[in-house]
Each structure stands twice: as structure tokens, then as C-alpha cells.
Amino acid sequence: MNILILGSGGREHALAWKIAASPLTDKLYCAPGNAGIAREAECVALDINDHAAVIAFARDRKIDLVVVGPEAPLCAGVVDDLEAAGIRAFGPGKWAARLEGSKGFTKDLCRAHNIPTAAYRRFKQAAPAKAYVREHGAPIVVKADGLAAGKGVVVADTIEEAEAAVDTMFGGGLGQPAWEIVIEDCLVGEEASFFALCDGETAIPLASAQDHKRVGDGDKGPNTGGMGAYSPAPVMTGEINRRVMDDIVLPTVRALKTIGAPYKGVLFAGLMITDSGPQLIEYNVRFGDPECQVLMLRLMSDLVPALIAARDGQLKNFDLRWHDESALTVVIASKGYPGAYGKGSEIRGLDDAARVEGVEIFHAGTKADDGRILANGGRVLNVCARGKSVAEAQARAYQAVDRIHWPEGFCRRDIGWRAVAREKGGS
Ligand code: AMP
């Protein structure tokens with residue numbers, strides 16, 4: 001098969017690495033890709049927001065399957081457009097992608113189908129939203145509707161903070177004024193991510209993961225796209241996994257089918273594991289980044305037939321096999337991230353780092369220049385490792401990190417701390 005991946009981050013490098021290893025893959029392309037992806041696939045300078053250009057390329061190269069990495073093209077309907085042009089594509093269509101694109105849509109769907117999630121109200125104006133905040137009290141969570149690249153959520157400890165968030169969101173503080181906000185109860189517990197593959201009718205579980213969103217050690221400092229992750233998430237016991245499938249994922253897939261927006265693709269459920277069980281915080285309509293990197297390291301089965309089965313509605317009797325080992329990834333980012341950062345500095349020592357046992361390095365934001373690897377983004381590298389425990393994977397990943405010479409970069413030194421502490425405690 002000829003396969004085209006859309007995207008350019010560490011997630012897409014991990015997907016390219018796994019797809020390139022499939023005996024079903026003849027020719028692999030990635031648009032636009034990066035310097036690491038170029039080792040697995042032919043990178044092509046396509047604008048992935050230009051659906052007509054993607055379709056023309058897919059036709060020209062006789063692409064049998066397009067795999068869409070990021071959420072923006074999914075929410076913009078790239079899968080619908082490709083399928084309408086007769087090109088098979090993996091990922092949800094535009095209507096199903098509202099699960100990520102609209103928080104109000106998802107919350108209403110949960111309420112209508114009894115899917116456990118925080119109690120909430122939707123508001124189109126600031127005054128009633130603030131009145132609700134005052135009546136309800138803090139802590140309380142304020143969310144802007146629509147894609148906000150992780151910036152549209154404020155967990156407010158005080159009423160004043162919540163009121164200020166309402167004003168910021170309606171006032172255009174996030175770039176453009178929110179047309180709607182959701183205010184919801186604050187959930188207490190441990191967060192985890194759960195991934196399932198869906199085919200429009202049914203779903204099969206992939207695996208669980210935990211990520212570290214804050215930029216600094218000890219989970220301090222501003223939020224980022226993710227500074228590291230590990231899988232499996234120890235908090236996700238067999239019983240909790242079953243409840244997530246039965247109470248959250250499967251009812252969602254059934255509900256979307258009923259409204260004529262069947263969900264095909266990866267469903268990423270952000271969860272809070274509370275005393276009363278798992279609650280849905282949010283859905284994403286694609287693999288997490290960097291969670292995808294650790295999932296691909298743990299996946300033993302060929303990924304390509306799984307993607308095709310999801311696209312074709314054939315997951316019912318499908319089975320995936322996983323390595324028992326844990327996997328962990330450390331993100332190395334440009335100094336300054338998630339604020340302003342420089343580009344173009346050289347990274348050395350990558351080959352030496354990749355020789356550490358169990359290690360795989362995925363590129364998140366790099367470009368090649370005359371045989372040299374240069375930084376080309378905020379999050380630049382994902383240093384991943386497998387191990388018998390999270391502690392072993394962590395030790396291997398940091399051993400590799402220490403072989404990389406890139407003074408302009410930084411990483412957290414404590415990725416996986418919660419799981420490692422659990423392992424040490426024997427629970
Ligand atoms: P979201 O973009 O909806 O995933 O929210 C970003 C982060 O805000 C989540 O990862 C949580 O840490 C936090 N958050 C969102 N909603 C809630 C909630 N209802 N209760 C507590 N924390 C929340």
C-alpha cells in the first residue's frame with residue numbers, strides 16, 4: 001500500500017516509524033514531516049490545510065490510505081473531503097470531530113447519554129456566567145468553546161479568578177472572543193488518558209497513558225503541549241479500564257452513530273479518576289502527542305491493518321497485542337518554550353543516544369541542513385524508552401538524554417515520577 005501521513009510532530013514520527021515497519025507498506029509519505037520522519041518516509045512540502053492539494057497529491061501518487069495526525073485538519077473535514085474524492089482516510093469526519101472542536105457539544109452528548117462528566121452550564125454572555133460562578137462558588141472550571149490549543153481552560157480557585165476568566169474569554173483574550181463558554185464543577189482525583197480505536201459502530205481499547213503538561217519539574221509552571229508521558233498509567237486498573245469502555249467510550253460511539261456522525265479513528269479520552277470512578281474531562285479526536293509515542297513503542301501488532309479495520313468498520317473481531325513492558329518519553333524543548341524560543345541551533349549526539357538499550361528517538365520539531373540536525377520548533381525531540389518497569393524505562397530515557405548535546409534545549413528530569421514512586425512503594 002502507498003500511505004500518506006499528515007502532520008509534522010513527534011506523534012507523526014512515531015506513527016511513521018510503526019507504519020514503515022508494516023509489511024503492508026510499500027511507499028510511505030509524510031506531509032510536511034520533519035528531519036526524523038525523513039528517515040522513515042518521503043517528506044513532501046504540502047499544505048495540509050489545503051484539502052484540494054492533498055487530494056491531488058494522493059491521486060497522483062496512488063495513495064491507498066491517508067492517516068491524519070493533528071486535530072485541526074480533522075475538525076476542518078479533511079477526512080470527509082478525501083473520502084468524497086474516493087481516497088481512503090483514517091480519522092473522524094468533521095461532524096464527529098466536534099467531540100474535540102466543541103466542548104458544549106460533548107457535554108450535551110454526555111448529559112443525554114448518562115456519560116459520567118462534571119456537571120456544567122453553557123453560556124453565551126458574561127453577566128449570567130458570572131452570576132452562576134457567584135452562586136456556585138469556587139473552585140470552578142471555565143472553558144472556552146472551540147479549539148484553543150490547550151489555552152482555553154481555567155481551573156479557578158477563587159470566584160474572582162473565575163470571573164476574570166469569563167471576561168478574558170468573552171473579551172477576546174484568547175485571540176478571538178469566545179462565542180460560548182462552558183462552566184463546570186471541579187473534579188478531584190488523578191488524571192489519566194485513555195485511547196480507543198473506533199470504527200463507527202464499536203471500539204477496542206488501545207492503552208492508557210499519563211502525561212506531564214506543566215513545563216517544570218514537580219508539575220510546576222505554565223501548561224505546555226506535554227513535556228513527557230508514560231504508558232500504561234498505573235491508576236488505570238483493569239476494572240477502571242472496563243468502566244471507561246462501558247460507561248464512556250462505547251456509549252459515545254453509539255450516540256454519534258445515532259445522530260448520523262459515526263466516529264471512526266482514535267478517540268482520546270482525558271479522564272479524572274475520582275473516588276466515585278472515572279469521569280470524562282474532555283475528548284480529543286486523535287492520538288495524543290507525546291502519548292502516541294509511548295503507545296507505538298508498546299504496540300506489538302501491525303498498526304496498518306488496525307487503521308484499515310477502523311476505516312472499514314471491521315473492528316468487531318479485531319485484536320491487538322501489546323508488549324508487557326512500560327514505555328516512557330521525555331520531551332526536549334527549546335529554551336523559552338512554551339514562550340518565545342529560538343530556532344536553528346544544532347543538535348549533536350543523537351546517534352550515540354539512540355544506541356542506549358530500549359531507546360527510540362522521535363523528532364518533534366527538527367529540520368535537516370547539510371547533514372546536520374537543527375532545532376525547528378518548541379518541542380524538538382522525544383527521547384523514548386521501553387523497560388520492564390516505568391523506572392527502568394525512565395533510567396534508559398535519561399541515559400539517552402544525557403548523550404545528546406544541545407545547549408539550547410531543556411527537559412524535565414522527573415517524567416514518570418508518580419508511577420516510579422508507586423512502583424517503589426509496591427502498590
Ligand atoms: P481540557 O482542555 O478540557 O483537557 O482541560 C485542561 C486541563 O484542565 C485538564 O487536563 C485538567 O487538568 C484541567 N481540568 C479541565 N476540566 C476540569 C475539571 N472539570 N475539574 C478539574 N480539572 C479540570
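Atoms within a ligand are numbered from 1 in the order they appear, just like the ligands themselves. Heads up: numbering here begins at 1 and tracks the sequence. Computed from a predicted structure; not experimentally measured.
Using a 4.0 Å cut-off to heavy atoms of K143, the atoms of ligand 1 that qualify are 3 (O), 15 (C), 16 (N). Listed by number with element, the atoms of ligand 1 under 4.0 angstrom from any heavy atom of M272 are 21 (C), 22 (N). Residue K103 has at least one heavy-atom neighbour below 4.0 Å for each of these atoms of ligand 1: 2 (O), 3 (O). For ligand 1 and E282, the ligand atoms under 4.0 Å from any heavy atom of the residue are 1 (P), 2 (O), 3 (O), 4 (O).
For the residues V188, V153, D185, the heavy atom positioned nearest atom 8 (O) of ligand 1 is part of V153. When the heavy-atom distances from atom 11 (C) of ligand 1 to Q279, E184, E191 are ranked, the shortest goes to E191. By heavy-atom distance, the residue among D211, I281, V141, T106 lying nearest atom 18 (C) of ligand 1 is V141.
Within 6.0 Å of the CD atom in Q176, the count of heavy atoms belonging to other residues, nucleotides or ligands does not exceed 12. For E282, the CD atom counts as densely surrounded, since its 6.0 Å shell holds more than 12 non-hydrogen atoms of other residues, nucleotides or ligands.
F105 contributes atom CZ, which lies 12.5 Å from atom CD of E180 (distance to the nearest 0.5 angstrom).
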Under the side chain to side chain contact (heavy atoms under 4.5 Å, CB included) criterion, do I248 and Y283 qualify, and how do the steps go? CA-CA 10 Å; I248 298 179; Y283 273 131; 3.1 Å; yes

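For C186, the closest heavy-atom approach to ligand 1 falls below 4.0 Å.
Contact of the I37 side chain with the F362 side chain is not registered, since no non-hydrogen atoms from C-beta on lie closer than 4.5 Å.
We find that K388 and E325 are not joined by a salt bridge, their nearest charged nitrogen and carboxylate oxygen being 4.0 Å or further apart.
Under the 6.0 Å cut-off for aromatic ring centres, Y132 and F123 qualify, their centroids lying closer than that.
Taking only nitrogen or oxygen atoms, main chain and side chain alike, L187 reaches within less than 3.5 Å of ligand 1.
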